[in-house]
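Heads up: the structure comes next, in C-alpha cells.
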There are 4 protein chains.
Amino acid sequence: MTRIDTSRKILDCASRMFAQHGYDGTIMDDLAEQCGVNKASIYYHHKDKATLYDNALTAIFTPIADAVIEAVEAQVEPVKQLRVHIKTFARVTADNPCFASILMREMASGGANMPVPARQQMQRILFLLMRILQSGESQGVFRSSDALIIHFMIIGTLNLFVISIPLRQTLPATDQLEQLQNSNIESAADQVATTIIASLLVK
Amino acid sequence: MTRIDTSRKILDCASRMFAQHGYDGTIMDDLAEQCGVNKASIYYHHKDKATLYDNALTAIFTPIADAVIEAVEAQVEPVKQLRVHIKTFARVTADNPCFASILMREMASGGANMPVPARQQMQRILFLLMRILQSGESQGVFRSSDALIIHFMIIGTLNLFVISIPLRQTLPATDQLEQLQNSNIESAADQVATTIIASLLVK
Amino acid sequence: MTRIDTSRKILDCASRMFAQHGYDGTIMDDLAEQCGVNKASIYYHHKDKATLYDNALTAIFTPIADAVIEAVEAQVEPVKQLRVHIKTFARVTADNPCFASILMREMASGGANMPVPARQQMQRILFLLMRILQSGESQGVFRSSDALIIHFMIIGTLNLFVISIPLRQTLPATDQLEQLQNSNIESAADQVATTIIASLLVK
Amino acid sequence: MTRIDTSRKILDCASRMFAQHGYDGTIMDDLAEQCGVNKASIYYHHKDKATLYDNALTAIFTPIADAVIEAVEAQVEPVKQLRVHIKTFARVTADNPCFASILMREMASGGANMPVPARQQMQRILFLLMRILQSGESQGVFRSSDALIIHFMIIGTLNLFVISIPLRQTLPATDQLEQLQNSNIESAADQVATTIIASLLVK
DNA sequence: TATGAATGAGAATTCATTCAT
DNA sequence: GATGAATGAATTCTCATTCAT
C-alpha cells in the first residue's frame with residue numbers, strides 16, 4: 001500500500017472518530033484498530049494526535065469551502081447566489097457528516113483549539129455570505145441585515161439537521177415524532193433558504 | 001461549608017468545565033483545583049464523573065425548559081407564543097452559556113451519551129414548539145411546516161450566537177468584522193423570531 | 001507512610017538506578033518495582049522523570065559539597081586543607097557510590113544535561129580547591145599550579161576507584177590481579193593526597 | 001558508495017553518538033539521520049544496535065591500546081616508559097574524544113555491559129602499566145606502589161580533561177575561571193606524568 | 001545495496017477512583 | 001466532611017527491528 005493510501009485511510013478514519021467522540025474522546029488505540037493499521041503507523045504518517053487532528057480538519061473543511069465558493073461564483077444575482085450558497089452548503093455537509101459534528105464541537109469550545117486552516121475555511125464561507133448580502137443590498141434587492149446571524153442560521157440549522165439524521169432514524173416512530181422522519185436535507189435546505197430569503201427581500 | 005454549598009459549587013464549576021472542554025476533556029484534578037476543593041471531596045458529593053455529568057446537565061437543562069414553557073403558557077395566540085418561545089429560549093440560553101456548549105457537543109455525539117433527564121428537557125421544548133405550530137395551523141394562522149427544522153433553526157442559530165459571544169469579543173475589529181460585534185442576543189432573537197414567523201404566516 | 005518517607009524512598013532508589021543505568025537506561029516501571037511503590041506514586045511525588053533526576057542529583061551532590069567545605073574550613077594550613085579536602089571527598093564519595101557514577105556519566109555527556117543545582121555543587125568544590133591552592137601559593141608553601149587538573153586528578157582518580165569497588169570484588173583472583181583487591185578507599189585517598197601534595201610543595 | 005565506506009561512516013557516526021548520549025540514549029533513527037543513511041541500511045551493515053556498539057567500541061579502543069603499547073615498547077627505562085605511557089595515552093585520547101566519554105560511561109555502569117574486546121584493550125593498558133611499575137621497582141627506581149590507583153589517576157584525570165575541553169570552551173570567561181581555559185592536553189599530560197613519577201621515584 | 005513503510009514491544013505519563021486518617 | 005497519598009487501568013508516544021521493493 002502506498003504512503004498516500006495509508007495516510008489517507010488514517011485521515012478518513014480519524015475524521016469519523018473525531019466527529020463522533022471529539023478530540024479527547026478519540027483513543028489512538030481504537031483508531032488504529034478501526035483503520036486496520038498498526039498504531040505506530042499513525043505516528044509514522046502524522047507525528048502526533050494534535051497534528052492528525054489538524055490534518056483531518058483541514059482535509060474536511062477545505063473542500064467544503066471550495067465547493068460553496070465555486071457554486072456561488074457561478075451565479076450573478078444575489079438572490080440566486082444566496083440560495084445556491086445555502087443549498088450547496090447543505091449538500092456538501094450532508095455528504096460528509098463529520099464536518100457538522102466537528103464544527104459544532106469546535107464552536108462549543110469557543111473555537112479556542114480549532115486549527116488555523118480550518119478556521120480560515122469557515123471565514124471564507126462567512127465572508128462570501130457577507131459579499132452576497134452587501135451586493136444584494138447595494139442592488140436594492142435585500143434589506144440591511146446582520147450577516148453573522150444569517151451565517152449562524154444557515155450553519156446552525158443545517159448542521160443540526162445533518163447531525164440528527166442518524167439519531168432520527170433510530171427513534172421509535174411514535175405518532176408524535178412520525179412527521180419528523182420524513183424530511184430530507186434537500187427540503188430542509190429549501191426551507192432554510194426560502195425562509196431567509198423571504199425575510200431579506202425588500203417588499 | 002455546608003454539604004449543599006460544596007456540592008453546588010462543584011456542580012457549577014463542573015458545568016463550566018464540561019461546557020468548555022467536553023466530558024472527556026474535563027479532568028477531575030483540574031476540576032478540583034478550579035473548584036478549590038479536594039479531589040476526594042468531589043467523589044464524596046457526586047459518586048463519579050458520569051454521575052456528576054448527569055447532575056450538572058439536569059441542573060442546567062431543567063430550568064431552561066421550565067422557563068420556556070412557563071413563558072409560552074402565559075400567552076394564548078400562536079404567533080405571540082412562538083415569539084415568546086424563541087425570545088425566552090434566547091434569554092435563558094444567554095444567561096447560562098454552558099447550556100449551548102453542552103447541547104452542541106451532545107448533538108455532535110449524536111446524543112448517544114446524553115443523560116436521559118437532559119434529553120427529556122429538550123423534548124419538552126420540542127413538543128411545546130410542535131403544539132404551538134399545530135395550534136397556529138389549526139387556527140389558520142400558520143402554514144403547514146416542519147417543526148423539527150424550525151426547532152433546529154431556533155436552537156442552532158441562537159446557540160451558535162451565544163457560544164460565539166466570547167469569541168467575537170476577542171476578534172480584532174477589522175472593517176469587515178466590525179458590524180458583527182454590535183449585535184446582542186435580544187436583537188438576534190428578534191431577528192430569528194421575525195424571520196421564522198414571517199415564513200410561517202399565511203399571506 | 002508519610003509523604004516524606006515515600007518521596008525519599010523513591011529518591012534513594014532512583015539515585016541507585018540512575019547511577020547504575022544512566023538516565024535513559026532507567027525505566028520508570030523498574031524503578032517503581034524496585035521502590036515497592038506504584039508507578040503513579042512516583043509521578044505524584046516527582047512530576048516526571050527529568051524532575052526526579054534533578055531532585056535525585058541535588059540530593060546527592062549537595063551534602064557532598066557541604067561535607068567537603070565544612071571539613072576544609074575546620075583547617076587553617078593549606079597543606080592540611082588540601083589533604084582534608086581530598087580525604088573528605090574520598091570518604092563521602094565512598095559513602096554514596098551513586099555520586100561517582102552519576103558524575104562520570106554527566107561529564108561524559110559534556111555536562112550538557114546536568115541540572116544546574118548539581119553543577120553548582122561541583123563548582124563549589126572546585127572553587128574551594130582554587131582558594132586552597134591560591135592561599136598555599138601566597139603563603140609560599142605551594143608552587144603555582146593548574147587547579148583544574150588537580151581537581152580532575154582528585155575526582156577522576158577517586159571516582160574511578162569508588163566505581164570499581166564492586167567490579168574488583170567480582171573479579172577472579174588471578175595472580176596478576178590479586179594485589180588490586182587489597183586497597184581500600186582510605187589508602188587510595190592517602191596516596192592521591194600524598195602524590196598531589198608532594199608535587200605541589202616548594203622544595 | 002562502497003560497502004566499506006558506508007559501514008565505516010555508520011561506525012564513526014555511531015561512535016560519536018554513543019559517546020555523547022550513551023548506549024540507551026542513542027536512538028537509531030537519529031543515528032540514521034546524522035549519518036545520512038537510511039535506517040534499514042544500518043541494519044544491513046551491522047546486525048543490530050548491540051553489535052554496532054560492540055563494533056564501534058572495538059574500533060575505538062584497539063588503536064588506543066596499540067598506540068600506547070607501541071610507544072612504550074620503544075623505550076627501555078621505566079621512568080621514560082611511564083612518561084611515554086601517560087603522554088601517549090593523553091595524545092590518542094585527545095585525538096578521539098569518543099573514547100573518554102564511552103570509557104567513563106562504561107566504568108559508571110560497573111563495566112557490566114562493556115563488550116569483551118573493549119574490556120581486553122583496557123586490560124592491555126593496565127597490564128602494560130603494571131609491567132612498567134614492576135620493572136622500575138625491581139630496578140630500584142620506583143617505590144612499591146598500587147598500579148590500579150595509578151591507572152585510575154592517569155585515566156581518570158586525562159579522560160576528564162579531554163571530556164571537559166568542549167565544556168570549558170563554552171564557559172563564560174570570568175576572572176575566576178579564566179586560568180582554566182589555557183591549559184592544553186600536552187601540558188596536562190606533562191603535569192600528570194611529572195606528579196606521578198615524582199611520587200614514585202625512590203628519593 | 002538502498003529505502004519508504006510497517007510493526008510489536010515497550011516506556012513515559014495521565015487519570016478516575018479509592019484509601020486512611 | 002475534608003484531605004494527602006496511593007493505585008490500576010488506560011493512553012499517548014517511542015523505538016529497535018523487519019519487510020517489500
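Chain naming here is simple, since letters A, B, ... match the order of the sequence lines and numbering starts at 1 in each.
- When all heavy atoms are compared, the tightest approach of G111(D) to R119(D) is O-NH1, 3.5 Å.
- Look at CZ on R8(D): it is 20 Å from C1' on dT1(E), rounded to the nearest Å.
- Map V37(D) and D30(C) each onto its nearest nucleotide of DNA chain E; the residue landing nearer the 5' end is V37(D).
- Under 4.0 angstrom from either OP1 or OP2 of dA6(E) there lies at least one side-chain N or O belonging to T6(A).
- Annotation for K9(B) and C35(B): closest pair CE-O, 3.7 Å, computed over non-hydrogen atoms.
- Residue Y44(C) has no polar side-chain atom (N or O) positioned under 4.0 Å from OP1 or OP2 of dA6(F).
- Between S41(A) and dT7(E) there is a side-chain polar atom (N or O) within less than 4.0 angstrom of OP1 or OP2.
- Relative orientation of the Y23(A) and Y53(A) rings is perpendicular, given thresholds of 30° and 60° on the angle between their planes.
- A straight line from CD1 of I42(B) to P of dG1(F) spans 16 Å, rounded to a whole angstrom.
- Residue pairs meeting the salt bridge (Lys or Arg N to Asp or Glu O under 4.0 Å) criterion with at least one partner in residues 41-50 of chain B, sequence neighbours excluded, are absent.
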Practice prompt. Please assess M28(D) against Y43(D) for the test side chain to side chain contact (heavy atoms under 4.5 Å, CB included), listing each intermediate value before the final yes or no.
Written response: CA-CA 10 Å; M28(D) 297 298 272; Y43(D) 288 89; 3.5 Å; yes
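- Following rounding to the nearest Å, H46(A) (NE2) and dC13(F) (P) show an atom-to-atom distance of 13 Å.
- D12(C) pairs by the salt bridge (charged side-chain N to carboxylate O under 4.0 Å, His left out) definition with R8(C), not counting sequence neighbours.
- Look at H45(C) and you won't find any side-chain N or O under 4.0 angstrom from OP1 or OP2 of dG4(F).
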Discussion item. Both atom distances under 3.5 Å, Watson-Crick or G-U wobble: I'd like the secondary structure of DNA chain E as a dot-bracket string, with | for pairs made across strands.
Written reply: .||||||||||||||||||||
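- The shortest heavy-atom contact between D54(B) and P115(B) is OD1-CG, 3.1 Å.
- Rounding to whole angstrom units, NE2 of residue H21(A) and C1' of dT11(F) are separated by 15 Å.
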Discussion item. Output one letter per nucleotide in nucleotides 14-21 of chain E: B when a protein non-hydrogen atom lies under 4.0 Å from the base, S when only the sugar-phosphate is that close, - when neither is.
Written reply: BBSBBB--
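- Straight-line distance from the NZ atom of K9(B) to the P atom of dG1(F): 13 Å, rounded to whole Å.
- Remark: H21(A) engages M17(A), T26(A) in a side-chain contact (heavy atoms from CB on, under 4.5 Å) (not counting sequence neighbours).
- For residues 14-39 of chain B, the pairs satisfying salt bridge (Lys or Arg N to Asp or Glu O under 4.0 Å) are D29(B)-K39(B), with sequence neighbours left out.
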